[in-house]
Amino acid sequence: LLSIGASDTCQVTVTQPRLQEAEHSVHTVYITCTFVTTGCLSSTPQVLWFRLLSNKHEDLCTPGCTNQQKYKVHISGNNSSLQINNLTVDDNAVYICGIAFPDSSSPRSKQTGDGTVLKKTENQHSNGKLISTFMIIASSLLFLYSTTVFTFFAVHKKITSGRKIFQAIAQELQKQRYAEHCQQPDDLEDDTVYQNR
């Protein structure tokens with residue numbers, strides 16, 4: 001007990017890590033808080049946890065937790081941690097640890113940390129897998145298109161080339177036939193003239 005006239009010098013300092021990142025596959029995370037006390041007569045402080053969302057403040061454990069399946073407070077010596085279960089990206093927020101000695105009248109006996117920003121990453125693997133699948137499909141379609149166009153041009157060129165060769169052969173044969181046809185009567189005349197002479 002405090003004697004009459006004695007001053008209450010209870011002082012608390014709370015520290016928290018500034019950032020806690022969690023991968024998309026993590027389902028449970030622990031946000032830590034360390035506190036140092038001087039001049040506090042009560043040995044057991046209250047540990048309080050709050051969170052700041054983008055548009056509101058929420059009491060999580062003050063000291064009892066509002067959702068005992070989602071949140072749980074652990075205390076060991078001058079360390080506390082807030083366990084968050086079933087972690088989702090909706091849990092991204094600033095988590096603030098508060099330490100309070102309720103029996104103390106000192107204004108420094110109730111302090112909070114600066115807060116820890118919790119950042120759970122989205123499932124990039126699924127997005128990456130989706131993009132990867134899309135790229136494979138797009139590449140396959142592009143390959144099929146390129147192959148079809150190449151085949152068309154190759155066949156068209158062969159057909160065109162074959163037609164040109166056929167036309168050249170046909171023209172050559174026609175020239176030979178014409179030449180033979182034109183020369184044959186001349187030969188016959190020549191032979192006839194020669195034989196008659």
Side-chain angles (χ1 to χ4, degrees), residues 1-2 6-143:
L1 293 176
L2 292 174
S7 63
D8 188 352
T9 59
C10 180
Q11 186 173 341
V12 179
T13 305
V14 182
T15 56
Q16 292 181 247
R18 295 209 179 262
L19 177 67
Q20 174 123 7
E21 292 183 301
E23 294 293 323
H24 69 277
S25 59
V26 173
H27 301 291
T28 301
V29 72
Y30 296 87
I31 298 178
T32 60
C33 153
T34 303
F35 58 94
V36 177
T37 63
T38 54
C40 301
L41 300 176
S42 174
S43 60
T44 311
Q46 285 184 342
V47 179
L48 314 167
W49 284 92
F50 314 91
R51 78 174 177 173
L52 296 175
L53 298 167
S54 60
N55 58 354
K56 68 177 180 175
H57 161 270
E58 194 175 351
D59 294 342
L60 302 178
C61 301
T62 57
C65 295
T66 56
N67 181 344
Q68 294 183 356
Q69 290 185 351
K70 180 80 172 172
Y71 305 107
K72 187 174 181 182
V73 175
H74 301 277
I75 302 171
S76 175
N78 286 356
N79 297 304
S80 174
S81 63
L82 176 67
Q83 176 182 337
I84 304 173
N85 299 313
N86 304 317
L87 192 65
T88 68
V89 291
D90 293 333
D91 293 314
N92 287 350
V94 178
Y95 289 82
I96 299 171
C97 172
I99 304 296
F101 285 88
D103 297 336
S104 174
S105 61
S106 169
R108 306 270 308 162
S109 65
K110 299 163 187 70
Q111 297 293 314
T112 62
D114 292 333
T116 300
V117 176
L118 174 63
K119 183 179 178 186
K120 179 178 170 110
T121 58
E122 291 187 45
N123 191 350
Q124 299 294 330
H125 181 69
S126 292
N127 292 343
K129 194 172 187 179
L130 181 65
I131 290 170
S132 174
T133 303
F134 174 75
M135 292 302 290
I136 289 171
I137 291 170
S139 297
S140 299
L141 290 174
L142 184 61
F143 174 75

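Each residue takes its place number in the sequence, starting with 1. Remember, predicted model here, so these are calculated numbers, not experimental data.
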Study note, to complete from the structure: d(Leu82 CG, Leu60 CG) to nearest 0.5 Å is 6.0 Å
Review point. Is there a donor-acceptor pair under 3.5 Å between the side chain of Thr121 and the backbone N or O of His24?
Key: yes
Point to revise | Nearest atoms (heavy-atom pairs only) where Cys10 meets Ser106 | key: O-OG, 2.8 Å
Practice item. Using modelled atom types only, decide if a donor and an acceptor are shared between the side chain of Ser109 and the backbone of Gln11 within a distance under 3.5 Å. Key: no
**Study point:** Donor-acceptor pair, side chain of Asn85 and main chain of Gln69, under 3.5 angstrom
**Key:** yes
Check your understanding: Hey, does Val47 have a side-chain heavy atom less than 4.5 Å from the side chain of Cys61?
Key -> no
Review point. Measuring from Thr37:OG1 to Phe101:CZ, what's the distance to the nearest 0.5 Å?
Key: 4.5 Å
Review point. Would you call Val73 and Ser80 a side-chain contact if the rule is heavy atoms closer than 4.5 Å?
Key: yes
Study note, to complete from the structure: side chain to side chain donor-acceptor pair (under 3.5 Å) with Gln16: of Thr112, Thr116, Asp114, only one passes, and it is Thr116
Practice item. Look at the side chain of Asn67 and the backbone N and O of Lys70, then say whether any donor-acceptor pair between them is shorter than 3.5 Å. Key: yes
Check your understanding: Would you say the side chain of Gln20 lies within less than 4.5 Å of the side chain of Tyr95, judging by non-hydrogen atoms?
Key -> no
Review point. Taking C-beta and beyond as the side chain, do Asp103 and Leu41 meet within less than 4.5 Å on heavy atoms?
Key: no
Review point. Can you name the closest pair of heavy atoms from Lys120 and Glu23 and give their distance?
Key: NZ-O, 3.7 Å
Point to revise | Positive for side-chain contact (heavy atoms from CB on, under 4.5 Å) with Leu87, one of Asn92, Val29, Thr28 | key: Val29
Exercise for review: Keeping the roles fixed (side chain from Gln111, backbone from Phe35), state whether a donor-acceptor pair exists under 3.5 Å.
Suggested key: no
Exercise for review: Identify the heavy atoms of Ala100 and Leu48 that sit nearest to each other, and give their distance.
Suggested key: CB-CD1, 4.4 Å
Point to revise | Option among Asn78, Thr13, Asn79 that satisfies the side chain to side chain donor-acceptor pair (under 3.5 Å) test with Thr34 | key: Asn79
Practice item. For Cys33 and Ile99, work out which heavy atoms get closest and say how close. Key: SG-CD1, 4.4 Å
Check your understanding: Quick one: does Leu53's side chain get under 4.5 Å of Glu58's, heavy atoms only?
Key -> yes
Point to revise | Heavy-atom check, side chain of Ile84 versus side chain of Tyr71, under 4.5 Å | key: yes
Check your understanding: Heavy-atom count around Lys72 NZ within 6.0 Å, excluding the residue itself: above 12?
Key -> no
